[in-house]
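Order of listing sets the numbers, starting from 1, for every ligand and every atom in it.
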Amino acid sequence: MVNEGIDRVFITETEVQETVARLGREISDYYRGQENLNLMVVGLLRGSFVFMADLIRHIELPLTVDFMTVSSYGDETVSSGNVKVVMDLDESVEGKDVLMVEDIIDTGNTFNKVLGLIAYRKPRSLKICSFLSKPSRRKVDVPIDFCGREIPDEFVCGYGLDFAQKYRNLPYVGILQRADQ
Ligand code: IMP
Ligand code: MG
């Protein structure tokens with residue numbers, strides 16, 4: 001079923017779950033066997049919370065979780081890269097193996113700034129997992145270590161991704177109806 005306001009399903013619920021399971025396996029394989037592993041999974045709120053909740057259940061290693069909320073200020077439609085920390089992490093990242101989790105990397109401006117902030121706090125290692133990526137929109141390079149799906153330049157929502165704070169609860173990823181439809 002397609003919800004009101006959604007034009008079409010872009011990534012089905014089954015495909016979403018297959019993608020998340022595959023990422024969990026890749027992440028588990030990468031970290032498994034690392035000596036003194038101290039894995040801390042850090043999600044950027046609010047977009048990543050649905051994805052991250054599913055993802056950590058596919059990571060077969062001891063881990064902790066923490067969250068951070070950032071907002072970009074300046075131009076509202078295109079992220080400017082002027083990032084403000086609205087809610088910081090509870091725990092220190094120093095000496096830990098930090099895996100940053102994001103819903104989607106678009107221009108890369110937001111994530112690039114957040115990475116800089118985290119790197120400055122001296123984690124032992126720093127890796128990035130993004131559910132979606134729009135490579136054609138990139139303004140700054142972001143080295144995504146674990147990427148769910150690359151998508152074209154379409155505005156998508158569902159599975160944590162919002163439009164005006166709505167649609168985060170959809171179990172699939174959809175494309176919005178245009179205003180003239
Ligand atoms: P960036 O700084 O341009 O990479 O912005 C990334 C942020 O923009 C993501 O964390 C999302 O919150 C938002 N975003 C980018 N593209 C989409 C989309 O297609 N749907 C919903 N949110 C998006
Ligand atoms: Mg976001």
Side-chain angles (χ1 to χ4, degrees), residues 2-13 15-17 19-20 23 27 41-56 65-89 93 98-120 126-181:
V2 176
N3 292 62
E4 202 177 317
I6 301 292
D7 182 43
R8 63 192 164 93
V9 176
F10 188 65
I11 308 174
T12 65
E13 182 173 359
E15 289 168 339
V16 166
Q17 290 305 326
T19 301
V20 177
L23 287 170
I27 291 166
V41 183
V42 170
L44 289 192
L45 294 176
R46 280 166 264 181
S48 71
F49 84 104
V50 179
F51 170 50
M52 182 157 144
D54 284 343
L55 180 69
I56 58 169
V65 299
D66 207 342
F67 294 96
M68 189 172 189
T69 308
V70 299
S71 70
S72 55
Y73 53 94
D75 188 330
E76 285 292 313
T77 50
V78 182
S79 75
S80 56
N82 294 321
V83 167
K84 185 172 78 177
V85 177
V86 177
M87 184 193 76
D88 207 341
L89 300 172
V93 302
V98 174
L99 176 67
M100 301 285 301
V101 175
E102 178 61 308
D103 54 354
I104 186 165
I105 297 183
D106 184 27
T107 64
N109 279 328
T110 311
F111 210 72
N112 187 48
K113 282 283 153 57
V114 175
L115 273 181
L117 284 174
I118 300 291
Y120 180 77
L126 184 54
K127 295 283 166 190
I128 302 166
C129 175
S130 186
F131 176 54
L132 300 176
S133 170
K134 289 183 194 169
S136 66
R137 297 255 308 159
R138 207 73 92 240
K139 294 273 187 296
V140 289
D141 186 42
V142 174
I144 307 177
D145 301 284
F146 308 98
C147 181
R149 286 271 286 258
E150 292 194 342
I151 64 167
D153 183 8
E154 295 262 20
F155 194 86
V156 292
C157 53
Y159 201 62
L161 292 141
D162 73 303
F163 173 66
Q165 298 305 331
K166 294 205 177 119
Y167 305 105
R168 294 194 198 272
N169 56 323
L170 303 181
Y172 58 84
V173 176
I175 297 195
L176 281 180
Q177 267 167 12
R178 294 202 316 268
D180 56 3
Q181 278 176 327

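- Listed by atom number, the atoms of ligand 1 under 4.0 Å from Glu154 heavy atoms are 19 (O).
- Using a 4.0 Å cut-off to heavy atoms of Glu102, the atoms of ligand 1 that qualify are 10 (O).
- If you number the atoms of ligand 1 from 1 as listed, the ones under 4.0 Å from a heavy atom of Thr110 come out as 1 (P), 2 (O), 5 (O).
- A heavy-atom separation below 4.0 Å is found between Asp162 and ligand 1.
- Heavy atoms of Asp103 found under 4.0 angstrom from ligand 1 belong exclusively to the side chain.
- Sorted by first and then second residue, the salt bridge (Lys or Arg N to Asp or Glu O under 4.0 Å) pairs with a member in residues 154-168 read Arg8-Glu154, Asp162-Arg168; sequence neighbours excluded.
- Among Phe49, Phe67, Phe111, the one residue that satisfies the side-chain contact (heavy atoms from CB on, under 4.5 Å) test with Leu44 is Phe111.
- Ligand 1 lies less than 4.0 angstrom from a heavy atom belonging to Lys134.
- Close N/O approach between Gly108 and ligand 1 is found [any backbone or side-chain N/O within under 3.5 Å].
- Scored by the salt bridge (charged side-chain N to carboxylate O under 4.0 Å, His left out) test, Asp145 finds Lys127 as partners (sequence neighbours excluded).
- Atom CZ of Phe163 sits in a sparse spot, with 12 or fewer heavy atoms from other residues, nucleotides or ligands closer than 6.0 Å.
- The closest approach between a heavy atom of Arg137 and any atom of ligand 1 is not below 4.0 Å.
- At a threshold of 4.5 Å between non-hydrogen side-chain atoms, the residues Val86 and Leu45 do not count as touching.
- Shown here for Val142 and Ile128, the closest heavy-atom pair between the two residues is CG1-CD1, 3.9 Å.
- For the pair Leu132 and Tyr159, the minimum side-chain heavy-atom distance is 4.5 Å or more.
- Considering backbone and side-chain atoms together, Leu161 places no N or O closer than 3.5 Å to any N or O of ligand 1.
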